[in-house]
Amino acid sequence: MSNPARAESIAQLERLVAALLAKGVVSEAELAAQQASTDRASPETGARMVARAWLDPEWRAMMLKNGTAAAEAMGVSMAGAPPLGVLEDTAKRHHVIVCTLCSCYPRAVLGYPPHWYKSFSYRSRVVREPRAVMAEWGSPVADDVELRVVDSTADYRWMVLPLRPAGTEGWTEDQLAALVTRDVLVGVALPKLPA
Amino acid sequence: MNPRFSPGSRVLVKNDWPEERGPCHIRTPHYLRGRAGEVERVLGAFRNPEDLAFARPAETRVLYHVMFDQPGIFPADGKQPDKLLVEIFEHWLEAA
């Protein structure tokens, strides 16, 4: 899936788009709007949501109760998108997200999935040996922490609300958001302070 | 929506293999078929992807977040106290 698109795949896509346009299922304008919205989405949105949750208990409660509403409040259009769920880490629980069946990913708040997320090795290994995968990513999980592997198999999309790292007292939302990378939002890494 | 199970319900994933009977589209991972878990939360009702994938009329089905003991599913590589949390449709679940 990291290979460049083949000519026959492109031709097939063009025939599909032509058929959908001819049948009136979608319009050129709708396709362009969806493309623009997909291109605009980025992990900065998810990072901003997390930073706000670390600072504002009311926002945190709302985001955990209804991730879709929280994304909408960030200016993301969730109409037609799958509902978003936010999984709360604690001192004794960490979440990591995978889609073993395909590549379901919270694109509305994280943008395009990275290639590794769609790879057979990540998808097959993280459910079997999540601790080994976390250790290889440089974020080993302590023995007394429950690791929850969330297999995104159906209609929800998930992101992680990680623990706020110690040593960030008094930090601004911008400073905190900078700690929350795409990998942190998927749960394969934990937020780390700059060395 | 009238969910048959509620948070805390013990459930068994059906040990069914429709892919052996012909073309199908299912969202229940193979590693959970026939395995027992516990309902964590009711996620809502969604149109059945098994029909949507074939452009057939699709009823809504209740979707659950179901928790499984991870080392129970993968004893060779898993470790306590880890868990697997997976979305499973109601028609794949039986009371355990």
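So that the names make sense, note that chain A is the first sequence line, chain B the second, and so on, each numbered from 1.
Proximity to chain B is absent for every atom of A:Val141, based on heavy atoms less than 4.5 angstrom apart. Of the atoms belonging to A:Arg128, heavy atoms from both backbone and side chain fall under 4.5 Å from chain B. Interface remark: B:Leu84 contributes backbone and side-chain atoms alike to the contact with chain A (heavy atom separation under 4.5 Å). Contact annotation for B:Ile73: neither backbone nor side-chain heavy atoms come within less than 4.5 Å of a heavy atom of chain A. Only the side chain of A:Leu101 comes within less than 4.5 Å of a heavy atom of chain B; its backbone N, CA, C and O stay farther away. In this structure, no portion of B:Phe68 lies under 4.5 Å from any heavy atom of chain A.
Inter-residue side-chain proximity for B:Met67 and A:Arg148 is flagged as met; some heavy-atom pair is nearer than 4.5 Å. Annotation: side chain of B:Leu85 is not in contact with side chain of A:Trp158 (no heavy-atom distance under 4.5 Å). Between A:Val150 and B:His65, some side-chain heavy-atom pair lies under the 4.5 Å cut-off.
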Does B:Asp77 form a salt bridge (charged side-chain N to carboxylate O under 4.0 Å, His left out) with A:Arg125? I'd like the steps, not just the answer. CA-CA 10 Å; B:Asp77 301 301; A:Arg125 285 190 63 210; over 6 Å; no
**Asked** Passes side-chain contact (heavy atoms from CB on, under 4.5 Å), B:Lys79 versus A:Asp143? Steps please.
**Response** CA-CA 9 Å; B:Lys79 195 170 170 190; A:Asp143 284 350; 2.9 Å; yes
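By the 6.0 Å contact criterion, CD on A:Gln12 is open, its count of non-hydrogen atoms from other residues, nucleotides or ligands being 12 or less. Around atom CD of A:Glu146, more than 12 heavy atoms belonging to other residues, nucleotides or ligands sit under 6.0 Å away. For A:Glu8, the CD atom sits in a packed shell: over 12 heavy atoms of surrounding residues, nucleotides or ligands are nearer than 6.0 Å.
Follow the hydrophobic side-chain contacts under 4.5 Å out from A:Met49 and you reach A:Met62 in the same cluster. A:Leu110 and A:Tyr117 fall within the same hydrophobic cluster, where Ile, Leu, Val, Met, Phe, Trp and Tyr residues are linked whenever their side-chain heavy atoms come under 4.5 Å apart, directly or through other members. One hydrophobic cluster holds both A:Val98 and A:Val133 under the rule that ILVMFWY side chains link at heavy-atom gaps under 4.5 Å. Cluster annotation: A:Met74 and A:Met78 are assigned to the same hydrophobic cluster (Ile/Leu/Val/Met/Phe/Trp/Tyr, side-chain heavy-atom contacts under 4.5 Å, transitive). Cluster membership for A:Val145 and A:Leu190, using ILVMFWY side-chain heavy atoms within less than 4.5 angstrom, is not shared.
Side-chain atoms of B:Asp82 come within 3.5 Å of backbone atoms of A:Leu147 as a donor-acceptor pair (strictly under, hydrogens ignored). Side chain of A:Thr153 to backbone of B:Thr28: no donor-acceptor contact under 3.5 angstrom is found. Side chain of B:Gln70 to backbone of A:Val127: a donor-acceptor contact under 3.5 angstrom is found. Listed for the A:Glu129 side chain is no donor-acceptor partner under 3.5 Å among the backbone atoms of B:Gly78.
Salt-bridge annotation for B:Arg27 and A:Asp155: absent, with no side-chain N of the basic residue lying under 4.0 Å from a carboxylate O of the acidic one.
Below 4.5 Å, heavy atoms of chain A meet heavy atoms from B:Glu40, B:Arg41, B:Leu43, B:Phe46, all part of residues 40-62 of chain B.
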